[in-house]
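To start, the structure itself, in structure tokens.
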Amino acid sequence: HRGPIGGAPQQGTDRLILGVLIAACCAVAPATVIGETVNWNMPLGFWSDATAWEGGIAPTADDQVRIASGAVSINTDTATVLQLDATQGTATSVTAGTLDVAGTLNMAGQLVVMDSGTAQLQRLQTSASANLLVQGPSAALVLVPDANGDNGGFYHRGYARIDAAGRIQGESLDNYQELWVTAGATAAFNSALNHTGSSLEVQGTDSAMLVTGSTTNRGALTASSAGRFTSESFDNFGAMNLTDGATGNANSLVNHTGASVTVQGGSALQVSGLITNRGDWVVQGPAASVSADQYLQQAGHTWLRGDGHLTANALRFEGGELTGTGQVSGNAGFSGTAVLSPGNGPAARGEIEFTNSLDLFGILAIELGGLNWFDQVLVGADANLGGTLRVSLFNNYTPEIGDSFDIVLANAVFDGFDRLILPQFSGRTFDVVYGADFVRLTTTPVPLPPAGLLLAAALGVLGLRRRARPLRFLRPAT
């Protein structure tokens with residue numbers, strides 16, 4: 001309200017009229033309760049049936065819903081609420097409609113989303129007793145952050161299965177118990193954390209776990225039977241397994257101390273950037289492969305079993321061991337305490353092939369068990385030697401004098417080992433022979449001490465024997 005034309009506002013009159021309007025509105029429309037709790041009141045029924053709800057009124061978008069017993073089905077309609085709490089022993093199914101929860105769905109019972117059903121939530125939190133199933137090519141569970149970008153998370157402590165081309169997607173996954181993605185289903189998140197003691201498995205052709213950001217695994221993470229796991233980055237503190245034709249993709253991967261990565265059964269792990277290994281890394285089987293731009297081992301163990309294949313543009317071993325039988329493609333280098341040990345343990349012959357160059361400035365550990373049963377390193381390019389050669393015998397084998405063993409075969413061999421640790425047995429040992437393209441161990445007698453040392457030893461013995469009668473030097477006759 002304003003005063004006469006061209007005049008100043010009449011502030012006192014404005015306040016009075018505003019107060020009258022507010023009072024009138026309040027008198028006409030009574031206050032409503034937002035966020036009222038509505039309870040499910042039937043053993044079995046449909047969400048849209050008002051009589052199934054306590055008080056005979058179906059919940060609205062502003063209500064909080066509590067299902068303490070029974071089973072409720074959403075089959076054609078859209079159910080929109082602010083929050084939903086379902087206790088242990090209850091069942092909620094979405095088969096042809098939509099469940100829309102603007103806030104949190106707290107699930108301790110069973111939630112089934114199948115056929116053409118859809119559940120859209122801001123946050124899903126399941127307890128240890130919960131059972132979640134998303135099943136069917138048109139079934140979807142979508143976790144959507146609010147307008148501020150908050151949440152969109154799946155905090156899972158029960159059992160969940162995404163099956164038969166079903167789909168779950170959200171901002172983040174926190175898995176504390178058991179989650180399966182099977183039979184062509186997809187789970188997609190921006191980040192994923194698999195907690196200690198938990199299990200996450202992707203199983204079956206076209207089944208996929210897709211993480212656009214980081215994945216941290218502290219439990220058991222498995223891709224099997226042609227399943228696929230993709231993440232921008234992996235931090236593995238638990239057990240990561242790819243088996244039976246599974247694939248894994250990442251830009252970077254760190255396998256921490258005490259953790260393990262196993263790639264076997266025709267599976268393939270591809271990392272476009274750096275793999276850092278400080279734990280156990282196993283590549284098993286002729287069709288199993290691990291490839292990266294760079295492979296760096298700072299500690300731990302890399303096992304090549306059954307002709308497993310490890311590929312990188314550059315491979316650096318600064319600590320730990322590389323053992324087994326298989327192939328390494330890329331320029332490889334060993335330094336410091338890093339050990340190259342063909343074979344899978346004592347009494348097991350091993351052969352590791354390096355298709356490119358090898359800089360061996362760490363430790364080469366070779367075992368000999370027979371003329372046709374000894375460890376060997378094959379190098380397709382140059383072998384640059386330094387560091388330590390450590391040789392041991394197994395299987396009670398005693399080489400004969402003249403027996404020889406080509407322990408390194410290369411396109412060209414440069415320099416030699418700085419330190420030799422060679423066994424002595426039955427008065428025999430080895431000579432190390434460096435050829436243009438080989439390193440050979442040849443069995444020889446243990447060398448006798450130099451002549452001067454023998455004379456000094458003899459004189460010492462003679463002196464001991466004649467201690468009672470000292471030697472005298474005779475003067476020449478005159």
Side-chain angles (χ1 to χ4, degrees), residues 277 281 283 295-305 308 310 312 314-395 397 399 403-425 429-444:
N277 181 44
W281 194 288
V283 187
Y295 186 89
L296 170 63
Q297 179 166 292
Q298 297 172 324
H301 212 132
T302 299
W303 302 83
L304 299 179
R305 292 175 173 165
L310 177 61
L315 302 100
R316 290 178 294 150
F317 294 84
E318 299 175 353
E321 293 188 52
L322 169 63
T323 63
T325 295
Q327 187 179 81
V328 177
S329 296
N331 296 317
F334 290 75
S335 61
T337 60
V339 178
L340 170 57
S341 178
N344 288 309
R349 180 185 182 277
E351 181 180 284
I352 296 181
E353 178 186 1
F354 294 85
T355 63
N356 294 68
S357 64
L358 173 62
D359 294 334
L360 189 47
F361 301 111
I363 300 169
L364 174 60
I366 295 292
E367 293 182 325
L368 309 176
L371 285 174
N372 298 307
W373 195 259
F374 59 93
D375 295 337
Q376 195 171 50
V377 176
L378 308 178
V379 185
D382 296 342
N384 300 297
L385 305 181
T388 300
L389 171 62
R390 186 176 69 208
V391 178
S392 58
L393 303 175
F394 70 88
N395 201 29
Y397 177 56
D403 288 349
S404 62
F405 311 86
D406 289 344
I407 58 173
V408 177
L409 296 175
N411 183 61
V413 172
F414 295 94
D415 300 322
F417 295 103
D418 299 326
R419 184 178 180 221
L420 302 176
I421 302 176
L422 305 174
Q424 293 188 3
F425 48 94
T429 187
F430 295 105
D431 277 344
V432 181
V433 180
Y434 300 97
D437 56 2
F438 65 86
V439 178
R440 179 174 297 155
L441 296 176
T442 301
T443 311
T444 62

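Values below: all heavy atoms of this structure, side chains included; hydrogens, waters and symmetry mates excluded.
With respect to Thr429, the side-chain contact (heavy atoms from CB on, under 4.5 Å) criterion is satisfied by exactly one of Thr444, Leu441, Leu420: Thr444. Screening Val377, Val432, Leu389 for a side-chain contact (heavy atoms from CB on, under 4.5 Å) involving Ile407 leaves a single residue, Leu389.
Between Tyr434 and Phe417, the two ring planes are tilted [angle within 30° to 60°]. Ring-plane geometry between Tyr295 and Trp281 is classed as perpendicular, the angle between the planes exceeding 60 degrees on a 0 to 90 degree scale with a lower cut at 30.
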Exercise for review: Give the intermediate values and the outcome of side-chain contact (heavy atoms from CB on, under 4.5 Å) for residues Val408 and Leu364.
Suggested key: CA-CA 10 Å; Val408 177; Leu364 174 60; 4.0 Å; yes
Exercise for review: Output, in order, the C-alpha distance, side-chain angles, deciding distance and verdict of side-chain contact (heavy atoms from CB on, under 4.5 Å) for Leu304 and Val328.
Suggested key: CA-CA 9 Å; Leu304 299 179; Val328 177; 3.8 Å; yes
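Ala338 and Gly319 make their closest contact through CB-N, 3.6 Å (heavy atoms, listed as atom of the first residue, atom of the second, distance). In terms of heavy-atom proximity, Ser329 sits nearest to Thr355 at CA-OG1, 3.2 Å. The two residues Ala410 and Ala381 come nearest to each other via the heavy atoms CB-O, 3.8 Å. Smallest separation of non-hydrogen atoms from Ala365 and Val339: CB-CG1, 4.1 Å. In plain terms, the two heavy atoms of Arg390 and Ile363 that are nearest each other are NH1-CG2, 4.1 Å.
In this structure, Phe354 and Leu340 have side chains that are in contact, with non-hydrogen atoms separated by less than 4.5 Å. Inter-residue side-chain proximity for Asn384 and Phe361 is flagged as met; some heavy-atom pair is nearer than 4.5 Å. Looking at heavy atoms from C-beta onward, Val391 lies in side-chain contact with Phe430 at the 4.5 angstrom threshold. Side-chain contact between Leu409 and Asp437 is absent, with no heavy atoms from C-beta onward closer than 4.5 Å. In this structure the side chain of Leu371 reaches within 4.5 angstrom of the side chain of Tyr397, judged on heavy atoms. Side-chain contact between Glu318 and Ser335 is present, with at least one heavy-atom pair separated by less than 4.5 Å. Using a 4.5 Å heavy-atom cutoff, the side chains of Thr443 and Phe425 are in contact.
Between the side chain of Asp406 and the backbone N or O of Arg440 there is no donor-acceptor pair closer than 3.5 Å.
One finds the CG atom of Leu358 at 13.0 Å from the CG atom of Asn411 (value rounded to the nearest 0.5 Å). Here Ser392 contributes atom OG and Glu367 contributes atom CD; the two are 4.5 Å apart, rounded to the nearest 0.5 Å. Taken to the nearest 0.5 Å, the CD atom of Gln376 stands 8.5 Å off from the CD1 atom of Ile366. Distance OG1/Thr388 to CD1/Ile421: 5.5 Å, rounded to 0.5 Å. From Leu360, atom CG reaches atom CZ of Phe334 across 7.0 Å, with rounding to the nearest 0.5 Å. Atom CG of Asp403 sits about 9.5 Å away from atom OG1 of Thr442, to the nearest 0.5 Å.
Side chains of Asn331 and Ser357: a donor on one and an acceptor on the other come within 3.5 Å.
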